[in-house]
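Only this structure's heavy atoms are used, side chains among them; waters, hydrogens and symmetry mates stay out. Start at 1 and go down the list; that is how both ligands and their atoms are numbered.
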Amino acid sequence: MTDAQAISDHWGKGDVYSRILEAMKLAGIDPGSVTIEQLAPVDHFHARGFPATVELADALPIKDGDRLVDIGCGIGGPARYLAKRFQCHVEGIDITAPFVDAANKLTALVGMEDEVKFRHGDGQKLPYDDEEFDGGYTQHVTMNVPDRNVFFAESFRVLKPGAFFALTEHGLGEVGDPHHPVPWSEDGSGAYLMRPEDTVALLRNAGFRDIDVTDTGEKYLQGYKAVIKLVEDGDAPVFGTHILLGKQAPQIVRNAARNIEERRTHPVQIVCFKPK
Ligand SMILES: C[S@@+](CC[C@H](N)C(=O)[O-])C[C@H]1O[C@@H](n2cnc3c(N)ncnc32)[C@H](O)[C@@H]1O
């Protein structure tokens, strides 16, 4: 099996869309009238979920009519949110085919097919022309990327001069050696974490400038702790990301929190620019 297939299988196998639909019905959400706000507990599939997307969006200079690329778009919540909030267009690409299928079907459910499109592919080989996009972002994807040089070079290539590029991830902490399973890996396979300073150096090598790094560790930790408490109190929502994380979800969340506390991981949000 290729690394790409193993990473895809890790994230989503089978009919992901049907699983989401079933959970929606269990939670009393009518798929015929569902809103992007109702989808948010599931489709912002990264640490802290929807609030983290909002904070990232607040930091980005997105304009009405922009075309953005979402690399590793998952099931598309961030793309739909940005398209609605900024009246912009978003193209998403993801290595996990069942996620792309779910992303497109959820987009059709909320009637946003004209603004947001998703396709299957690898962020290390983007199927777009040079200088197509006004901005790009990749949320919690790079932990699984074997060659960040190629990934960042591709991101740089498809952006217009002056465009922004944003990245959020669990970087490697000072202590290293994270406990597994974590959201991005069951046992350490397919995991390519890097220290934030090394990621910054690679972004600089790719040509990006004005690189701004925010430490998001404490906020992620509080987010994970809130989820752990809900689970312990028996109050976990029916419609939540455990639908995507599977049976090991409670352990995955506990490890993600513990890794931050023990400085094994170092979560960051990075915003940078392609020079004009
Ligand atoms: C934690 S999910 C994040 C999804 C989405 N960015 C979000 O925030 O809702 C990680 C995603 O990265 C995707 N991914 C991992 N490696 C990739 C690659 N080389 N190219 C494209 N997508 C990739 C996975 O398939 C998965 O959908």
May I ask you to check whether [X] and [Y] show a side-chain donor-acceptor distance below 3.5 Å?
{"X": "Arg264", "Y": "His179", "value": "yes"}
{"X": "Asn144", "Y": "Tyr192", "value": "no"}
{"X": "His46", "Y": "Thr53", "value": "yes"}
{"X": "Asn259", "Y": "Tyr220", "value": "no"}
{"X": "Glu113", "Y": "Thr107", "value": "no"}

Close-contact set for ligand 1 against [X] heavy atoms, below 4.0 Å:
{"X": "Phe99", "result": "27 (O)"}
{"X": "Pro78", "result": "7 (C), 8 (O), 9 (O)"}
{"X": "Gly123", "result": "18 (C), 19 (N), 20 (N), 21 (C)"}
{"X": "Asp122", "result": "18 (C), 19 (N), 20 (N)"}
{"X": "Thr96", "result": "24 (C), 25 (O)"}

Exercise. Evaluate whether atom NZ of Lys219 has more than 12 neighbouring non-hydrogen atoms of other residues, nucleotides or ligands under 6.0 angstrom away.
Key: no
Nearest protein heavy atom to [atom], by residue and atom, and its distance?
{"atom": "atom 8 (O) of ligand 1", "answer": "His46 ND1, 2.5 Å"}
{"atom": "atom 10 (C) of ligand 1", "answer": "His140 O, 3.2 Å"}
{"atom": "atom 4 (C) of ligand 1", "answer": "Gly72 O, 3.4 Å"}

Quiz item: Would you call Val145 and Gln124 a side-chain contact if the rule is heavy atoms closer than 4.5 Å?
Solution: yes
Self-check item: Ring geometry between Phe133 and Tyr128 (parallel below 30°, tilted from 30 to 60°, perpendicular above 60°)
Solution: perpendicular
Quiz item: Should the pair Phe165 and Phe152 be assigned to parallel (<30°), tilted (30 to 60°) or perpendicular (>60°) ring geometry?
Solution: perpendicular
Counting only heavy atoms, which portion of [X] has something under 4.0 Å from ligand 1: side chain, backbone, both, or neither?
{"X": "Asp43", "value": "backbone"}
{"X": "Phe45", "value": "both"}
{"X": "Ala4", "value": "neither"}

May I ask which of [options] has a heavy atom nearer to [atom] than the others do?
{"atom": "atom 23 (C) of ligand 1", "options": "Val145, Ile95, Val150", "result": "Ile95"}
{"atom": "atom 15 (C) of ligand 1", "options": "Leu244, Val141, Thr241", "result": "Val141"}
{"atom": "atom 13 (C) of ligand 1", "options": "Asp147, Val42, Asp94", "result": "Asp94"}

Quiz item: Going through the checks in order, is the salt bridge (Lys or Arg N to Asp or Glu O under 4.0 Å) test met by Glu174 and Arg263?
Solution: CA-CA 6 Å; Glu174 293 157 50; Arg263 291 183 290 118; 2.5 Å; yes
Quiz item: Does ligand 1 have any atom sitting under 4.0 Å from a heavy atom of Gly121?
Solution: yes
Quiz item: Is Cys73 near ligand 1, meaning one of its heavy atoms is under 4.0 Å from it?
Solution: yes
Quiz item: Are any of the N or O atoms of Asn144 closer than 3.5 Å to those of ligand 1?
Solution: no
Quiz item: Any chance the rings of Tyr81 and Phe50 have centres within less than 6.0 Å?
Solution: yes
